[in-house]
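Note sheet for the following structure.
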Amino acid sequence: MNRKYRKTLIAGNWKMNKTPSETKEFMLAFKGLIPKGRWCDIALCVPAVCIPAAVRVMRETRVGIGAENCNANPSGAYTGEISTDMLVDAGCKYVIIGHSERRAMGETDQDVNQKTKAALAAGLVPIVCCGESLEQRESLVTEEWITMQIKYALEGIEADQVRKSVIAYEPIWAIGTGRTATPEQAEYGSKISRATTILYGGSMNDKNAEELLAQPDIDGGLIGGASLVPEKFLKIIEAANQDA
Ligand code: PGA
């Protein structure tokens with residue numbers, strides 16, 4: 001972490017887990033655990049139907065609620081989709097864009113770029129995901145691949161807007177596998193990370209967070225499985241509050 005130049009952010013990605021009732025239960029339990037004092041930024045990105053319950057409980061706390069996806073169009077005939085203005089009106093501060101699980105469902109680099117622009121225009125903080133497959137890592141093309149994904153995602157976006165965005169580097173082979181990148185692998189290039197907050201994601205948990213977050217160019221985490229249990233998520237936040 002490098003708090004001098006960039007914000008520290010610990011963000012949960014619930015994926016397709018928890019109902020609105022379970023969300024309320026989690027938020028009440030988690031709210032009771034958050035100690036007072038100087039804390040990093042905290043986000044919980046939850047399924048769309050859980051956003052109202054999460055926002056209601058977390059109002060007046062420093063936990064920002066986020067969505068896991070958005071549509072880039074302002075409104076119209078897009079059955080089942082949710083616009084960035086709708087997310088803002090529902091109380092969201094963040095939105096995850098281009099997660100590898102969504103890319104696997106057909107989301108393209110162009111979609112990611114359009115969604116990032118729409119999120120920034122609406123005043124949301126986009127958490128833009130990138131990451132290589134195991135095959136790409138083994139073929140030694142990781143760096144080119146990630147550079148290209150980020151270049152596409154941020155194309156046409158002004159530098160001051162890029163600074164408001166968050167990049168999440170999530171090697172696909174590390175997501176939900178219990179296999180984390182080494183701290184050195186997880187520390188994605190200082191070139192883009194000088195001004196933009198970079199998160200690491202992929203099996204980050206209460207046990208390995210401290211070591212991963214000790215890297216100067218990892219400014220936080222995007223956490224799946226371990227964000228579903230209040231005590232585990234809290235431990236990761238505590239690890240982010242170590243002196244950097
Ligand atoms: P994981 O998921 O922490 O369960 O590996 C991370 C993510 O996909 O964002």
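Nothing fancy with the numbering, it's 1 onward along the sequence. Both ligands and their constituent atoms are indexed starting at 1 by order of listing.
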* Without hydrogens or angle criteria, can the side chains of Thr116 and Asn113 be said to hold a donor-acceptor pair below 3.5 Å? -> no
* **N or O pair under 3.5 Å between Gly224 and ligand 1** => yes
* Is there a side-chain contact between Ser165 and Pro126, using heavy atoms and a 4.5 Å cut-off? -> yes
* Asked: Can you tell me the protein heavy atom closest to atom 2 (O) of ligand 1 and the distance?
  -> Lys15 NZ, 3.3 Å
* Closer than 4.0 angstrom: is that true for some heavy atom of Ser203 and an atom of ligand 1? -> yes
* To do: Indicate yes or no: does an N/O atom of Gly225 lie under 3.5 Å from an N/O atom of ligand 1?
  => yes
* **Ile218 reachable from Ile167 in the ILVMFWY side-chain graph, under 4.5 Å edges** => yes
* Output, in order, the C-alpha distance, side-chain angles, deciding distance and verdict of side chain to side chain donor-acceptor pair (under 3.5 Å) for Lys164 and Gln161. => CA-CA 5 Å; Lys164 291 183 192 156; Gln161 295 289 92; 3.1 Å; yes
* Asked: Do Met86 and Ile51 sit in the same hydrophobic cluster, where Ile, Leu, Val, Met, Phe, Trp and Tyr count as joined when their side-chain heavy atoms come under 4.5 Å apart?
  -> yes
* For Thr177, is at least one N or O under 3.5 Å away from an N or O on ligand 1? -> no
* Is there at least one pair of N or O atoms, one from Gly176 and one from ligand 1, spaced under 3.5 Å apart? -> yes
* Asked: For the side chain of Tyr169 and the backbone of Pro171, is there at least one donor-acceptor N/O pair under 3.5 Å apart?
  -> no
* For Glu211, look at atom CD and say whether over 12 heavy atoms of other residues, nucleotides or ligands are found less than 6.0 Å away. => no
* To do: Please name the residue in the list Asp85, Ile82, Val95 that meets the side-chain contact (heavy atoms from CB on, under 4.5 Å) test with Cys70.
  => Val95
* Go through ligand 1 atom by atom and flag the ones less than 4.0 Å from a non-hydrogen atom of Glu170. => 6 (C), 7 (C), 8 (O), 9 (O)
* **Atoms in ligand 1 with a heavy atom of Gly202 nearer than 4.0 Å** => 5 (O)
* Could you list which atoms of ligand 1 come closer than 4.0 Å to a heavy atom of Leu222? => 6 (C), 9 (O)
* Asked: Should you measure from each heavy atom of His99, which atoms of ligand 1 turn up under 4.0 Å away?
  -> 7 (C), 8 (O), 9 (O)
* Asked: Is it the side chain (CB and beyond), the backbone, both or neither of Asn13 that lies under 4.0 Å from ligand 1, heavy atoms counted?
  -> side chain
